[in-house]
Participant: 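Just dropping this structure here.
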Amino acid sequence: MARYEANTAEPKWRAVWDDRGCFKAENNPAKPKYYVLEMFPYPSGRIHMGHVRNYAMGDVVARVKRAQGYDVLHPMGWDAFGMPAENAAMERKTHPGTWTYANIDAMRAQLKLMGLSLDWDREFATCDPEYYAQQQAMFIDFLDAGLLTRKNATVNWDPVDMTVLANEQVIDGKGWRSGAVVEKRDLTQWFFRITDVAEQLLSAIDTLDGWPDKVRTMQRNWIGKSRGLQMRFDIAENTIIPDYKELEVYTTRPDTLFGMGFAAISPDHPLAISLDDRVDGLAAFRAECKAIGTSEEALEKAEKKGFDTGLQVRHPFTDELFPVYIANFILMDYGTGAIFGCAAHDQRDLDFARKYGLKVLPVVAPGGDEAFSVGTEAYTGPGRIINSDFLDGMEIEAAKEFVADKIAATGKGEKKTNYRLRDWGISRQRYWGCPIPVVHCDACGVVPEKKENLPVKLPEDVSFDKPGNPLERHETWKTTPCPSCGKSATRETDTMDTFVDSSWYFARFTAPRHATPTDRSVVDRWLPVDQYIGGIEHAILHLLYSRFFARAMAKTGHLSDASVEPFKALFTQGMVTHETYSRMDQGREVYFTPEEVERIGEGDYILKSDGEPVKTGAIIKMSKSKRNTVDPEAIIAGYGADCARWFMLSDSPPDRDVEWTEAGVEGAARHIQRVWRITEEALPRIPPAGTAMPAMDDAAAALRKVTHKAIKAATADIEAFRFNKAVARLYELTNAAAGFKGKGDGADWALREALETLAKLMAPMTPHLAEECWQALGHDTILAEVSWPVVEHALTIDDLVTMPIQVNGKRRAEIRVAADADKASVESITLAEPEIIKCLDGATPKKIIVVPGRIINVVV
RNA sequence: GCGGGCGUAGUCCAACGGUAGAGACAGAGGACUUAAAAUCCUUCCAGUGUGGGUUCGAAUCCCACCGCCCGCACCA
């Protein structure tokens with residue numbers, strides 16, 4: 001009996017699939033289309049277990065859909081621009097492109113080992129000039145369509161690396177690479193006008209019923225819509241300074257206007273800036289706010305601090321005067337950067353008012369109780385208005401409307417909807433990104449490059465020996481004729497945020513070599529992506545940007561309006577975790593890789609090199625720093641790709657974290673051998689492939705039932721992304737086939753059916769093994785081209801069922817009855833049951849509940 | 001602070017409001033073997049985080065609390 005040798009079988013079948021072009025999207029209108037996509041990887045150089053899990057899941061979906069008769073598009077590419085390539089270039093004195101393409105080659109080879117059913121013909125990298133040329137063309141279209149704007153923005157500036165940093169790259173106020181204290185700088189940047197479609201992006205979330213609620217909620221919160229009143233307070237005459245007669249604030253609680261205790265403005269508010277020279281100590285206070293502004297710890301401590309400007313504002317209804325503070329908790333980039341403070345009904349305002357001895361007047365009370373007062377906790381619950389003149393007794397919502405209308409009538413304000421979402425700044429002072437295709441001309445201003453001159457290619461002759469953007473010091477590249485007047489002008493040296501690259505790649509896959517960004521004759525058929533799979537970490541930015549991009553592409557004619565939601569269904573998979581091994585060494589935690597340690601007993605490990613014990617630690621996401629990673633290539637070499645795929649899909653539900661364990665992999669490997677062994681052992685007895693079904697005895701019929709129940713259940717589980725349960729069904733079918741004792745009529749036929757079904761059902765998960773079994777079973781077809789098994793529904797329904805009988809909810813007996821027995825006959829059988837007669841002890845049941853096929857409950 | 005998720009056997013996990021166990025891992029015993037590995041057979045173990053409520057019936061629904069995890073976070 002030969003073992004199943006993954007190392008020889010796997011390459012063999014991959015070559016067969018390749019030769020036959022099994023996984024090329026046909027673009028065949030006679031078949032329904034199905035577009036399944038996994039988030040494309042960044043070419044870091046090696047695939048990790050997270051990739052294996054992600055792509056194993058996508059491949060299951062792709063293979064099942066293909067077997068079900070869909071025309072499947074399942075492509076792969078590379079999210080290839082970004083900072084790591086530049087960092088590598090600096091460290092290794094090479095070109096970012098050299099490093100990136102070498103990584104792509106390495107990772108492609110690794111991915112191919114997995115046996116994924118990908119259409120490799122469509123592969124591209126976002127750093128291919130062919131790709132970014134189309135992105136530049138779209139940039140120009142977006143510019144023409146008013147989807148882009150250029151404006152000043154405050155950015156995080158690393159003075160050592162001389163570049164803008166994303167917020168995530170600022171750690172405790174310092175640059176993540178240089179460690180330099182990050183400065184705020186005002187730069188002119190390009191922005192996608194995503195806020196213009198904030199409302200559309202928000203309201204369409206309701207239509208995304210194939211998305212996880214969690215992600216939908218996160219996107220709603222990120223867009224952060226709020227309705228309120230934008231209003232202007234008069235500044236008291238004696239405190240007026242030039243240019244500021246009014247203070248404009250934004251509030252979502254106009255109903256609390258009579259509870260006002262003060263006004264406050266952001267340290268970055270223009271009024272605050274203009275007061276710098278007029279008020280002693282103000283400039284120092286503003287500087288202090290700025291200094292703590294970036295540190296996360298400081299934000300968490302969140303001590304309210306304020307500075308009295310000496311200005312006062314007049315209440316629009318009572319004429320009472322209130323002080324204007326500069327307060328460190330007011331953000332300049334939300335609303336107007338100014339508020340009126342109502343201490344009793346906002347915790348921050350209350351903290352502030354208590355600290356500076358400002359007025360605290362409750363104006364909303366539960367039930368309208370006039371005696372209601374507020375201590376150290378602001379009241380934000382429901383109630384009626386008190387202490388508020390003409391609003392007294394009103395409900396909150398009515399009072400909001402009333403005040404807003406009244407203020408609007410005086411011309412001192414208007415209702416306004418605000419969003420937390422900001423325009424998407426895409427300018428990066430980096431080399432390894434898509435050049436922004438515009439030219440700065442002294443005479444003509446900012447001019448887009450002519451489309452026939454695209455792509456604006458990145459120059460090859462650059463060096464990274466100096467900090468900053470090499471494009472900026474590349475004079476021959478920078479200097480170019482103005483597309484408008486032809487005079488010498490300067491190229492924009494900023495490149496685009498890499499999130500731009502990943503915001504439309506899914507569309508490009510439908511026609512990856514087309515001369516325009518999309519080919520409408522095919523993109524309209526393939527989009528939206530039917531199933532998108534990736535990590536939850538992209539729940540907000542990538543997915544929101546892609547939704548924006550699809551709308552922008554529709555507006556500029558690159559997509560149909562039907563594709564503005566590019567991802568019909570989304571699945572976010574959990575992480576791959578592993579135990580950690582460490583030891584304290586000179587007061588420092590030193591971590592060891594799983595290969596460096598050896599298990600010597602229940603949960604006990606020693607370091608192989610010195611035989612001394614190590615501490616086993618938390619089970620956490622695989623990471624380089626904790627050294628708890630397992631290399632997929634090594635696993636594939638040792639156990640085979642099918643084993644890695646199978647294990648990644650078993651046990652844990654796909655959206656939860658899965659722990660990689662040696663024991664688990666070995667269990668998976670055992671199962672693969674077992675499937676092979678029972679298939680091979682059955683070969684001498686089973687009839688040839690395609691033999692007509694003979695008569696069945698009971699044992700054979702029972703096996704057929706197991707087989708068809710497995711088809712039904714596994715198919716449903718896979719379609720619902722319950723891969724762990726689908727795996728359990730296949731174990732069940734395997735156990736039934738392995739333990740099959742039937743020898744009589746139809747037994748051999750039923751066994752063949754079970755084994756063929758097992759191969760077909762396992763094919764999406766362990767495709768190589770399945771092909772090997774299929775071939776051994778005497779088929780000359782390729783399983784990847786064979787259709788999905790069909791359920792005989794009659795076989796999934798049992799004639800007789802076991803029903804438990806409860807008396808007052810406690811299980812007392814069980815009976816076997818026909819599955820379709822009517823309630824009356826079930827009741828009479830129940831009452832005739834000796835155990836039940838004993839339980840009832842002569843009492844008459846009040847009620848008998850019969851749930852057909854399920855349970856009987858006798859209530860006394 | 002706000003929002004969301006999860007607590008079931010030693011472990012990972014199943015269970016349309018209806019017999020708590022599908023499946024796997026680990027453990028124990030046995031068969032085969034000179035022995036081991038592999039394989040096969042058998043088998044142990046929980047009443048569902050805690051406390052209430054709804055119901056004929058709750059792991060499941062509701063409320064409160066505890067624990068763990070993940071987002072967002074001074075958004076007026």
Side-chain angles (χ1 to χ4, degrees), chain A residues 1 3 212-218 220-222 224-226 228-229 249-254 256 264 266 296 299-304 327-331 333-342 345-349 351-352 418-422 536-537 539-540 574-575 602-603 619-620 646-647 650-653 655-659 661-668 670-671 673-674 677 713 717 722 724-735 738-739 802-814 845-860:
Chain A
M1 182 78 45
R3 278 176 60 83
D213 287 343
K214 184 189 170 85
V215 175
R216 296 207 283 173
T217 305
M218 283 164 78
R220 278 193 199 99
N221 293 342
W222 188 261
K225 179 180 184 174
S226 65
L229 174 68
V249 305
Y250 179 71
T251 180
T252 56
R253 291 298 302 272
T256 63
S266 164
E296 275 181 39
L299 273 178
E300 263 169 45
K301 282 181 197 145
E303 200 200 335
K304 303 283 175 285
N328 64 346
F329 64 94
I330 311 294
L331 306 172
D333 56 0
Y334 186 77
T336 61
I339 61 153
F340 82 77
C342 175
H345 305 293
D346 182 288
Q347 192 60 47
R348 294 157 301 175
D349 294 353
D351 294 347
F352 192 78
N418 267 334
Y419 297 91
R420 213 190 70 118
L421 184 69
R422 302 273 173 274
I536 187 81
E537 66 273 20
I540 298 176
M575 299 179 300
E602 190 78 12
I619 298 157
I620 50 173
W646 181 258
F647 177 55
S650 34
D651 290 338
S652 289
D655 53 348
R656 262 193 247 174
D657 291 353
V658 63
E659 187 193 352
T661 60
E662 192 69 14
V665 190
E666 278 165 9
R670 263 200 302 280
H671 178 252
Q673 288 302 334
R674 190 166 184 236
R677 194 171 53 247
D717 286 335
R722 295 183 298 241
N724 55 322
K725 285 179 68 181
V727 164
R729 308 290 187 192
L730 295 176
Y731 274 117
E732 226 171 334
L733 179 57
T734 308
N735 290 342
T802 303
M803 289 178 75
I805 304 170
Q806 296 181 333
V807 177
N808 287 341
K810 286 216 163 69
R811 186 174 172 278
R812 297 295 183 192
E814 62 178 42
K846 276 194 211 136
K847 194 155 56 157
I848 299 178
I849 295 150
V850 178
V851 184
R854 281 279 177 197
I855 201 165
I856 302 143
N857 195 3
V858 181
V859 186
V860 289

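If you're wondering where the values come from, they're calculated on a predicted model, not measured in any experiment. Note on naming: letters A, B, ... go to the chains in the order of the sequence lines (proteins, then strands), and numbering restarts at 1 for each one.
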Participant: Which residues pass the ring pair (Phe, Tyr, Trp, His ring centres under 6.0 Å) test with A/Y334, sequence neighbours left out?
Facilitator: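 None.
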
Participant: Show me the dot-bracket string of RNA chain B, counting Watson-Crick or G-U pairs under 3.5 Å, with | for pairs to another strand and [ ] for crossing ones.
Facilitator: (((((((..((((....[..).))).(((((.......))))).....(((((..]....))))))))))))....

Participant: For A/K846 and B/rU55, what is the distance between atoms NZ and C1' respectively, to the nearest whole Å?
Facilitator: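 Checked: the NZ to C1' distance equals 14 Å.
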
Participant: Going by the rule ring pair (Phe, Tyr, Trp, His ring centres under 6.0 Å), which residues pair with A/F340 if we only count those two or more places apart in sequence or in a different chain?
Facilitator: none

Participant: Whole angstrom is fine here: how far is it from CD in A/Q347 over to P in B/rC75?
Facilitator: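 Those two atoms, CD and P, are 11 Å apart.
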
Participant: Give the nucleotide from the list B/rG23, B/rC75, B/rC74 with an atom nearest to the side chain of A/N328.
Facilitator: B/rC74

Participant: If I take atom CG in residue A/D346 and atom P in nucleotide B/rC2, what distance separates them, rounded to the nearest angstrom?
Facilitator: 13 Å

Participant: Answer yes or no on whether A/K304 is positioned over the face of A/F329, meaning its NZ or CZ is under 6.0 Å from the six-membered ring centre and within 45° of the axis.
Facilitator: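 Yes; both conditions hold, so A/K304 lies above the ring face of A/F329.
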
Participant: Counting only side-chain N and O atoms of A/R674, is one of them less than 4.0 Å from OP1 or OP2 of B/rC40?
Facilitator: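 Looking at the OP1 and OP2 atoms of B/rC40, one of them is under 4.0 Å from a side-chain N or O of A/R674.
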
Participant: Kindly assign one of parallel, tilted or perpendicular to the pair A/H671 and A/W646, based on the angle between their ring planes and the thresholds 30° and 60°.
Facilitator: parallel

Participant: With sequence neighbours left out, what residues match A/R722 under salt bridge (Lys or Arg N to Asp or Glu O under 4.0 Å)?
Facilitator: A/D717

Participant: Name the nucleic acid region contacted by A/G667, choosing base, sugar-phosphate or nothing; use a 4.0 angstrom heavy-atom cut-off, strictly under.
Facilitator: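 Sugar-phosphate, no base atom in range.
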
Participant: Should A/R812 and A/I805 be marked as a side chain to side chain contact (heavy atoms under 4.5 Å, CB included) after you check the CA-CA gap, both sets of side-chain angles, and the distance that decides it?
Facilitator: CA-CA 6 Å; A/R812 297 295 183 192; A/I805 304 170; 5.6 Å; no

Participant: I want to confirm an ordering. Mapping A/G335 and A/I536 to their closest nucleotides on RNA chain B, which one lands closer to the 5' end?
Facilitator: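 Final value for this comparison: A/I536.
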
Participant: Mind checking if A/T217 touches a base, just sugar-phosphate, or nothing, with heavy atoms under 4.0 Å?
Facilitator: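 Counting heavy atoms under 4.0 Å across all strands, the contact made by A/T217 is with sugar-phosphate only.
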
Participant: Does A/R670 put a side-chain nitrogen or oxygen below 4.0 Å from OP1 or OP2 of B/rA26?
Facilitator: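 It does, given that an N or O in the side chain of A/R670 lies less than 4.0 Å from OP1 or OP2 of B/rA26.
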
Participant: Heavy atoms under 4.0 Å, any strand shown: does A/N735 hit a base, just sugar-phosphate, or nothing?
Facilitator: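 Sugar-phosphate contact only - A/N735 comes under 4.0 Å of backbone atoms but never of a base.
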
Participant: Please evaluate the base of B/rC74 for a donor-acceptor partner in the side chain of A/K304 within a cut-off of under 3.5 Å?
Facilitator: yes

Participant: Would you mind telling me which of B/rG4, B/rC75, B/rG23 lies closest to the side-chain atoms of A/R348?
Facilitator: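 Given the options B/rG4, B/rC75, B/rG23, the side chain of A/R348 is closest to B/rC75.
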
Participant: From B/rA26, B/rA73, B/rA24, pick the nucleotide closest to the side chain of A/W222?
Facilitator: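 It is B/rA73.
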
Participant: Taking CD1 from A/I540 and P from B/rG71, how many angstroms apart are they, rounded to a whole number?
Facilitator: 10 Å

Participant: Considering only side-chain heavy atoms of A/K847, which listed nucleotide, B/rC56, B/rC72, B/rA24, is closest?
Facilitator: B/rC56

Participant: Can you measure A/R812 atom CZ to B/rG57 atom P for me and round it to whole angstrom units?
Facilitator: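 Distance, rounded to whole Å: 14 Å.
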
Participant: In whole angstrom, give the distance that lies between atom CZ of A/R3 and atom P of B/rA37.
Facilitator: 15 Å

Participant: Show me the donor-acceptor pairs within less than 3.5 Å that the side chains of residues 845-860 of chain A make with the rest of the protein, sequence neighbours left out.
Facilitator:
{"unit_1": "A/N857", "atom_1": "OD1", "unit_2": "A/G809", "atom_2": "N", "d": "3.1"}

Participant: Contact class for A/Y250 (heavy atom, under 4.0 Å): base, sugar-phosphate, or nothing?
Facilitator: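 Touches a base.
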
Participant: Please encode protein proximity along nucleotides 12-21 of chain B as a string of B, S and -, counting only heavy-atom distances under 4.0 Å.
Facilitator: BSSSB-BB--

